[in-house]
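Each remark here refers to the structure printed beneath this line.
All chains are named by letter (A, B, ...) in the order of the sequence lines, taking the proteins before the strands, and each is independently numbered beginning at 1.
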Amino acid sequence: MKSEPDAYGIDDLQQEKSTLWDGIRNYQARNFMRSMKIKDKAFFYHSNCKQPAIVGLMEVMETHLTDPTQFDKNSKYFDQKSSPENPKWDCVRLKYLGRYKKVLSLQEIKENYQSQKLQLIRKGNRLSIMPISVQIAIEFKERLGELS
DNA sequence: GCCAACGTTGGC
DNA sequence: GCCAACGTTGGC
């Protein structure tokens, strides 16, 4: 799952211990979130920054939560078409599990995962949530090593 | 700032 | 249901 560190980074999550992954306004990304189950793990990816990289690991605490920002007129994620009776957007709560001692940079991902494998990543590179295959996730984990 | 690679929208 | 036009994202 990706976030811009300026907006919300791994430091913020470490401090908060857990967070609502709200503000997702992309149907595909929302649907991926809907398919998540409690105890699922997710990589935290820093996007749109100096060193885009996987920096940490999270765990799904709660699923199918209503995204409160859709009703908040002061939020940039306010959605006029949504109502409490018929909410359009939901989110999950994620727990901080740790940050990796060594990050896995986008550059390194590109260097090592080409052709078909990279396409799996590319397929979702515009989403707030990037789906990757189980096999790639395992390989990423091996490359990332230990949490600190 | 550019632009490729998407996703969304709306007319038909 | 198609697809042209448009908007957004994110790496560079």
Side-chain angles (χ1 to χ4, degrees), chain A residues 1-16 18-37 40-60 63-94 96-145 147:
Chain A
M1 304 179 76
K2 69 179 173 65
S3 180
E4 302 186 9
D6 287 347
Y8 192 90
I10 190 76
D11 291 339
D12 300 298
L13 181 60
Q14 184 172 17
Q15 268 197 330
E16 278 197 274
S18 82
T19 189
L20 271 188
W21 206 266
D22 55 13
I24 303 302
R25 295 295 179 269
N26 173 294
Y27 287 105
Q28 214 177 337
R30 182 201 66 182
N31 294 341
F32 282 128
M33 275 203 299
R34 285 184 173 174
S35 71
M36 288 180 184
K37 298 185 174 66
D40 277 352
K41 308 292 191 293
F43 291 123
F44 194 126
Y45 175 83
H46 276 172
S47 68
N48 206 12
C49 57
K50 271 192 179 170
Q51 203 201 23
I54 295 174
V55 294
L57 189 67
M58 306 182 284
E59 182 182 279
V60 177
T63 58
H64 300 96
L65 304 169
T66 304
D67 183 341
T69 63
Q70 66 194 307
F71 310 126
D72 180 4
K73 283 193 175 176
N74 297 319
S75 170
K76 66 186 259 197
Y77 300 114
F78 175 70
D79 186 346
Q80 204 165 4
K81 292 179 183 171
S82 192
S83 66
E85 297 75 33
N86 198 8
K88 278 175 66 180
W89 308 106
D90 46 67
C91 56
V92 296
R93 177 167 289 279
L94 291 160
Y96 172 81
L97 286 189
R99 80 174 56 224
Y100 288 104
K101 289 177 181 171
K102 285 175 67 179
V103 303
L104 180 53
S105 67
L106 177 62
Q107 190 187 345
E108 197 180 342
I109 291 171
K110 281 182 168 176
E111 282 166 6
N112 292 283
Y113 298 88
Q114 281 160 17
S115 65
Q116 297 174 329
K117 285 185 174 179
L118 191 57
Q119 275 183 3
L120 267 177
I121 300 160
R122 281 233 166 119
K123 206 173 176 183
N125 75 349
R126 304 201 50 251
L127 303 176
S128 295
I129 294 159
M130 303 196 299
I132 60 177
S133 73
V134 171
Q135 195 199 329
I136 289 179
I138 290 167
E139 292 180 42
F140 279 9
K141 252 191 148 173
E142 283 169 5
R143 284 189 172 273
L144 281 157
L147 293 166

Taking atom [atom2] of [N] as reference, at what distance in whole Å does atom [atom1] of [X] sit?
X: A:Leu106; N: C:dT9; atom1: CG; atom2: P; value: 18 Å
X: A:His46; N: C:dT9; atom1: NE2; atom2: P; value: 18 Å
X: A:Ile109; N: C:dG11; atom1: CD1; atom2: P; value: 10 Å
X: A:Glu4; N: C:dG11; atom1: CD; atom2: P; value: 8 Å
X: A:Lys110; N: B:dA5; atom1: NZ; atom2: P; value: 11 Å
X: A:Asp6; N: C:dT9; atom1: CG; atom2: C1'; value: 15 Å
X: A:Arg30; N: B:dT8; atom1: CZ; atom2: C1'; value: 14 Å
X: A:Lys88; N: B:dT8; atom1: NZ; atom2: P; value: 11 Å

- Message: Strictly below 4.0 Å: does A:Lys50 bring a side-chain N or O up to OP1 or OP2 of C:dC12?
- Response: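 A:Lys50 to C:dC12 OP1/OP2: no side-chain N or O under 4.0 Å.
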- Task: Look at A:Tyr45 and C:dG11 and indicate whether a side-chain polar atom (N or O) is within less than 4.0 Å of OP1 or OP2.
- Result: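 Checking A:Tyr45 against C:dG11: at least one side-chain N or O falls below 4.0 Å of OP1 or OP2.
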- Side chain of A:Gln28 (C-beta onward), nearest among B:dG7, B:dT8, C:dC12: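 It is B:dG7.
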- Has the side chain of A:Ser82 got a donor or acceptor atom that lies under 3.5 Å from a matching backbone atom of A:Lys88?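 Yes, because the side chain of A:Ser82 sits within donor-acceptor range (under 3.5 Å) of the backbone of A:Lys88.
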- Looking only at atom types and distance, does a side-chain atom of A:Asp72 sit under 3.5 Å from a main-chain N or O of A:Phe78, one as donor and one as acceptor?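 No: the side chain of A:Asp72 does not pair with the backbone of A:Phe78.
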- Item | Atom pair CD1 (A:Ile24) and CH2 (A:Trp89), whose distance is rounded to the nearest 0.5 Å |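 Reported to 0.5 Å precision, the distance equals 9.5 Å.
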- Task: Can you measure from CD (A:Gln14) to OG1 (A:Thr19) and round to the nearest 0.5 angstrom?
- Result: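 That separation rounds to 13.5 Å.
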